[in-house]
Amino acid sequence: MSQSSVDLPPKGGFSFDLCKRNDMLTQKGLKAPSFLKTGTTIVGLIFQDGVILGADTRATEGPIVADKNCEKIHYMAPNIYCCGAGTAADTEAVTDMVSSQLRLHRYQTGRDSRVITALTLLKKHLFSYQGHVSAALVLGGVDISGPHLHTIYPHGSTDTLPFATMGSGSLAAMSVFEAKYKEGLTRDEGIKLVAEAICSGIFNDLGSGSNVDICVITKGHKEYLRNYMEPNPRTYVSSKGYTFTKKTEVLLTKITPLSERVKVVEVAGEAMEE
Amino acid sequence: MTFTIPIENGNGVKDAEADSQRTLYPYVTGTSVVAIKYKDGILMASDMGGSYGSTLRYKNIERVKAIGKHSLLGASGEISDFQEILRYLDELILNDNMWADGNSLGPKEVHNYLTRVMYNRRNKFNPLWNTLVLGGVKNGEKYLGMVSMIGVSFEDNHVATGFGNHLARPILRDEWHEDLSFEDGVKLLEKCMRVLLYRDRSAINKLQISKMTEEGLTVYEPYSLKTFWEFSAFTNPTVGAEGSW
């Protein structure tokens, strides 16, 4: 057989070539850098008209809060959103990747995306990385066949559920759901229950905190309520604002209005979607 | 005459057999206990299961017992260690009764005794593998406290052990308030036990509630909770995608 001149694409998955070297370094005392995790409470529930997703907004790096107000509800399609728990980079990357795959698919088929499409793309990806991509997701949306809610675990298994919680605060949130969920909730009841579950995670789990984000998806319509609730405001805020100490000598004040130096042009129709 | 030669090892001078007697892991375990203070005293609930690893071996274990005239002791963790603790407390109460001085050990005293016992065992690396809940009423004063196997002890208005820490405590923090009536207290406990039944794999649907008031102890008959499994996503999860899961 003649030699094939076609360059095969590189094999997928991780290359484990550096593992031996990393092991040797840790034995010698080098501490591996820790991941930015989202130590999270994320929830989803199905109500009578669609799906409601909820998430807290704290991102932790070990014992430190790295981001007090991060966004954990990611856009997948106009009718599908996904909450992510686990390593922040992994959830961002995997949801972005599947979101663009869904858009290309929409262009090709000319139809709205289905939730199970997103589900299958995500689970195939996560399974092929054998759990090393540490992303635990709550995927929810409303498509032509109705409202759907799924959980996806880092190893690639999925569940289809009427209500779901993931993350370190999942037990606190699940106790609220198990006690109070019923079928056929109205929009307001559903939002109230989701906010209660996230608050339960925020106040009872150390890995979750700050504010509550909510996303309501119904047939043909979605509402992203960023910072729907802020139950942890700054306790003491100085009313005087910040002033320099009296001893600071002001040597020179010069104010240059930027509009004289720069020309601002509005370009119509190119605003990025989300 | 035999005598043991003390052997010098990493743990200090000790008998050669002593090492094999230390508790390393639990064998037959009970799951969570949940207890609250209510208007007239203390309410404590636990299920009646004893698991042998992942087998549900015993289904009729009473994990809540009366101590003296004023206290209730509930335990999760190793059942044999719980029985040992009951023997220690028996001796304690017996000695107290023999004084016949008109005074009797109340919940605060028993809690303190248990804390000392647990902490000292932990210091010898031979713990009693239990988390204990101690509640009672003496002279109108309600008391509810907890001791863990490493000797951490505190008192609070509502306590939960094991899985109850994660599943029951959020509910109790939200919904407990002073002067709950008996019915409301039982409803609150049932709410917690139901969530535990759904989400704790070692829980069984046979729970026993005990009540301690100034008048005395009442242990109610075991009963089971109603559960609901008919959500539409449970009965038909693959709506719109036959053959998937």
Side-chain angles (χ1 to χ4, degrees), chain A residues 41 44-48 51 114-120 123 140-152 156-165 167-185 196-208, chain B residues 31-32 34 36 45 47 156-176 184-203 205 207 225-245:
Chain A
T41 310
L45 65 69
I46 296 194
F47 71 111
Q48 72 187 27
V51 172
R114 298 195 188 204
V115 182
I116 46 172
T117 318
L119 180 73
T120 312
K123 75 152 80 171
V142 181
D143 58 28
I144 193 75
S145 54
H148 298 274
L149 179 67
H150 302 279
T151 52
I152 308 165
S157 64
T158 59
D159 282 312
T160 314
L161 297 166
F163 54 90
T165 67
S168 57
S170 63
L171 283 98
M174 185 52 89
S175 71
V176 171
F177 274 168
E178 285 285 17
K180 299 191 180 163
Y181 179 81
K182 50 188 211 299
E183 302 228 89
L185 291 165
E196 230 184 291
I198 299 289
C199 281
S200 174
I202 287 175
F203 292 119
N204 292 304
D205 173 45
L206 297 175
S208 314
Chain B
T31 180
S32 355
V34 188
I36 55 174
D47 69 20
D156 205 347
N157 294 321
H158 48 80
V159 295
T161 69
F163 248 95
N165 269 313
H166 299 105
L167 291 170
R169 205 160 261 159
I171 301 180
L172 293 170
R173 279 185 179 160
D174 252 352
E175 301 191 14
W176 183 89
D184 285 340
V186 171
K187 261 216 264 318
L188 185 57
L189 281 181
E190 283 188 349
K191 205 174 199 175
C192 298
M193 296 305 284
R194 185 172 289 112
V195 177
L196 286 168
L197 175 65
Y198 282 138
R199 295 281 160 177
D200 179 6
R201 82 166 191 176
S202 35
N205 197 0
L207 68 142
L225 293 168
K226 276 215 274 289
T227 56
F228 181 72
W229 298 88
E230 309 314 317
F231 291 122
S232 56
F234 289 168
T235 51
N236 188 12
T238 60
V239 157
E242 300 309 317
S244 85
W245 69 95

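Below, read A as the first sequence line, B as the second, and so on, with proteins coming before strands; counting in each chain starts at 1.
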| field | Region of A:Phe203 in contact with chain B, defined by heavy-atom distances below 4.5 Å | value |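 Backbone only.
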| message | Under a plain distance cut-off of 3.5 Å, with no hydrogens placed, do B:Arg173 and A:Asn204 share a side-chain donor-acceptor pair? | response | yes
| Nearest-0.5 Å distance, OG of residue A:Ser200 to CD1 of residue B:Ile171 |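 Separation between the atoms: 8.0 Å.
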| message | I need the A:Glu178 CD to B:Leu167 CG distance, nearest 0.5 Å. | response |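 Going from CD on A:Glu178 over to CG on B:Leu167, the span is 9.0 Å.
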| query | Are any of the side-chain nitrogens in A:Lys182 or B:Glu230 under 4.0 Å away from the carboxylate oxygens of its partner? | reply | no
| Toward chain A, the part of B:Phe228 with a non-hydrogen atom under 4.5 Å |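 For B:Phe228, there is no contact with chain A at all, as no heavy atom is under 4.5 Å.
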| field | Interface moiety of B:Glu175 toward chain A, non-hydrogen atoms closer than 4.5 Å | value |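 When you check distances to chain A, only side chain atoms of B:Glu175 fall under 4.5 Å.
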| request: Give the member of A:Ser170, A:Cys199, A:Ala172 that has the highest number of heavy-atom pairs under 4.5 Å with chain B. | output: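 Going by pairs under 4.5 Å, I would pick A:Ala172.
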| Option in A:Leu161, A:Leu171, A:Val176, A:Asp205 with maximal non-hydrogen atom pairs under 4.5 Å from chain B | A:Leu171
| Any side-chain heavy-atom pair of B:Phe231 and A:Ile46 under 4.5 Å |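 They are not in side-chain contact.
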| query | Listed by residue number, which members of residues 191-201 of chain B have a heavy atom under 4.5 Å from any heavy atom of chain A? | reply |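 Expected list: B:Lys191, B:Val195, B:Tyr198, B:Arg199.
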